[in-house]
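These numbers come from the heavy atoms of this one structure, side chains and all, not from hydrogens, waters or symmetry mates. Just so you know, residue 1 is the first one in the sequence shown, and it goes up from there. Ligands are counted one by one from 1 in listed order, and the atoms in each one are counted from 1 as well.
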Amino acid sequence: MLDTPITFLKGVGERRAEAFRRLGVMNARDLLYHVPHRYEDASTVRRIATLRIGEDATIIGTVVSKGVLPTRKGLRIFQAVVQDESGLIEASWPGQPFLDRSINKGDVLLLSGAVRFYHGRQLMPREFVNLGAEDSGTAEGRVLAVYPATEGLSFKMIRGIIDKHLDALIPALEEHLPADVLRETELPSLQEAMRLVHRPPSVAEALRGRARLAYDELLAVHLLQRRANAIARQARQGIAFTNKRELTSRLKAALPWELTGAQVRATREIVADMTSAQRMHRLLQGDVGSGKTIVALFACCLALENGYQAAVMAPTELLAEQHFRTFSRLLAPLGVEPVLVVGSMTAKARRAAAARLAEAGPVLVVGTHALVQEGTQFANLGLAVIDEQHRFGVEQRATLGAKGGAPDILLMSATPIPRSLALTLYGDLDVSVLDERPPGRQPVTTALRPESGRARVLEFVEQQLAAGRQAYIVYPIIEESDKIALKAATTAFEQLTAGPFAHRRVALLHGRLSGDEKDAIMRAFRDGDIDLLVSTTVIEVGIDVSNATVMIIEHPERFGLSQLHQLRGRVGRGAAESFCILLGDVGPDSLERLRHITETEDGFEIARADLRLRGMGDLFGKQQSGLPAFKIADPVRDEALSELARTAAERLLRDDATLSAPPHRALQRMLTSRYGRALELFRVG
Ligand code: ADP
Ligand code: MG
């Protein structure tokens, strides 16, 4: 019954079925799972008469008049006056004259947006739903369930069709959660949840129903990914290193500081992986400055003391050089000399490096993607470390992993995300987290300053430069092309060098420069030969210039929070007090958002806020993300549910890896019928 194609349901013709398919609804089960994406009731919907300028509000009203207005600038604006029992307001959609065709006089609209003053009160809708021509009010405790609609299938049609079939379809739903798991979640049964989301007695009950469906999705993803991980791990034969405690112990003794608790934990997890017979496939994530490099170096030493080669690949020459210097310094007392391989090396130096890698002896090599190019051969690569892993393509990462025999792989990332989310995103990886900062790190004083304070901010920068410090001024990339940012940065550079910083050494760094030119400028800055670096966002994220104490960020509203946090991580690296100043006039929304940056330096918290505000695609990039498809759950907002689902998934798989025991069969059936991958993962026998 639930598999009945959507076309065969009463009230759905071929045209509507086509529209349903666009919404991902193919059969009766999908129709049940096409759940409202928001709920409104008298407590969330405001009476129009009470709206005040500057507020953000949701209203429901009937269109009493409408029309398209041209403006002097040639922009056409659709406007509608809507009315509820308390009063009237004008709603305005600049640049959307086409709405005139779909919104009619008499239609009831649900509108959400900011109220501003423009010849009176005016609502600027961020979002709206056309509820159709009849009263769909939320008075007297009624809850309005709003369904995602599409062209050719209005909200009203969807609601009507679901309402018609709900009572017949719900009894066909099979409870797939084992009784003990369901009890532990304290969530409603599947049938009850379905009734609650479609016919909610209250918003709170609707959300309880939604939570159950979200839990199911999260549980499914955790089960699939954990199971896939376990199978892949068994199949990944790797090197079983022996923990000889030779180089690693000597490295530990030679370190100028103690490892943080988090570093010790991560190192232990890595050692456990490397000493097992299976291949390591681990992600080490930690905030900027949390000390990932040293953890990687311990892993390298373990490979070296077992007679293997270890490779560390970084996204730019500058970073590779920086790691090379760090490693050379830390390993000198151990008598180990690392090798550098970057594209700009002379042919002679390159040949010398290649010769060392061709010998089957313990060598630590640090480099750029030159490491994965032809011509770099490893005699016995035992460990591949990939720093700032998101900056490499999937192929480059795979190529380094394919060098040598089957080296263990350690990926490093400076975009920390909550562990449970990391597990849903990177299910095929094990995850270690550095959630502790090394002691003695200075906090970075962060402040937002309006345009009117620019002169004083620049004065402050001058004071710092006069004290022998260095500074950054960063411009955002505006639009896809770097053009406007380049212009902004170039103009600023010219003005600054002509005026306030005429006597300082100022350089301009931007994306149009060649890699060599960029590296040359960053090197000069690192070596203290440049005082002030004016830059677009190409500025190197992993770079460590401890004498830089100020960063000015222009147009801070154009950056994501995580990006701001990473930029800020360029200062506060030395003993001196450091400052990050977000400069410019920003709107109230941005102000609210940027407060996360001025108020905390916890990268996890910032990433969480960023994910909540901007979604995952923005943070990870579309093709990198490999996000599992969630229809109902949101692994960020539903972090607590995800955590609950993760522990349940782990327990279930530990007890019954293929979920084939009688109490688990319904769950197994659900997985195999709804997730293609599950057929293979939970095949019995
Ligand atoms: P990231 O995680 O951003 O790659 P790094 O590995 O570059 O961070 O470390 C940042 C700085 O902190 C380096 O200068 C490093 O020497 C220092 N550092 C790392 N671990 C510790 C520690 N346990 N105690 C003090 N300083 C440390
Ligand atoms: Mg780093």
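- Residues passing the side-chain contact (heavy atoms from CB on, under 4.5 Å) test with Ala507 are Ile521, Ile530, Leu533, sequence neighbours excluded.
- Of all the heavy atoms of Glu258, the ones lying under 4.0 Å from any atom of ligand 1 belong exclusively to the backbone.
- Judged by distance alone, the side chain of Lys292 and the main-chain N or O of Gly286 form a donor-acceptor pair under 3.5 Å.
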Next item on the list: Evaluate the side chain to side chain contact (heavy atoms under 4.5 Å, CB included) criterion for residues Glu269 and Thr267: first the C-alpha distance (whole Å), next the side-chain angles of each, then the deciding distance (0.1 Å), finally the verdict.
Entry: CA-CA 5 Å; Glu269 288 165 354; Thr267 308; over 6 Å; no
Next item on the list: Dump the intermediate steps for side chain to side chain donor-acceptor pair (under 3.5 Å) on Glu650 and Thr647, then the final yes or no.
Entry: CA-CA 5 Å; Glu650 277 167 7; Thr647 39; over 6 Å; no
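- The shortest N/O to N/O separation between Ile294 and ligand 1 does not fall below 3.5 Å.
- With hydrogens and angles ignored, the 3.5 Å screen pairs no side-chain donor or acceptor of Glu554 with any backbone N or O of Ile473.
- If you look at Thr260 next to ligand 1, the close heavy atoms, those under 4.0 Å, come from the backbone and the side chain alike.
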Margin query: For Arg282 and Asp273: C-alpha separation, side-chain torsions, deciding distance, then whether salt bridge (charged side-chain N to carboxylate O under 4.0 Å, His left out) applies.
Written below: CA-CA 8 Å; Arg282 185 170 284 275; Asp273 280 359; 2.7 Å; yes
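- Considering both main-chain and side-chain atoms, Val288 never comes within under 3.5 Å of ligand 1 through any nitrogen or oxygen pair.
- Proximity of Gly289 to ligand 1 is established by a heavy-atom distance of less than 4.0 Å.
- Using a 4.0 Å cutoff on heavy atoms, Val295 does not count as a contact of ligand 1.
- Close approach of ligand 1 to Pro438 is summarised as follows: ligand atoms under 4.0 Å from at least one heavy atom of the residue are 20 (N), 21 (C), 22 (C), 24 (N), 25 (C), 26 (N), 27 (C).
- Heavy-atom proximity to Leu259, at under 4.0 Å, picks out these atoms of ligand 1: 23 (N).
- Under 4.0 angstrom from ligand 1, the non-hydrogen atoms of Asp287 all belong to its backbone.
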Notebook entry, point to check: Under the side chain to side chain contact (heavy atoms under 4.5 Å, CB included) criterion, do Phe579 and Val444 qualify, and how do the steps go?
Noted result: CA-CA 5 Å; Phe579 307 87; Val444 178; 5.6 Å; no
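- The backbone N or O of Phe604 lies less than 3.5 Å from a partner atom in the side chain of Asp602, making a donor-acceptor pair.
- The Thr293 neighbourhood of ligand 1 comprises atoms 4 (O), 5 (P), 6 (O), 7 (O), with distances under 4.0 Å to a heavy atom of that residue.
- Residue Ser290 places a heavy atom less than 4.0 Å from ligand 1.
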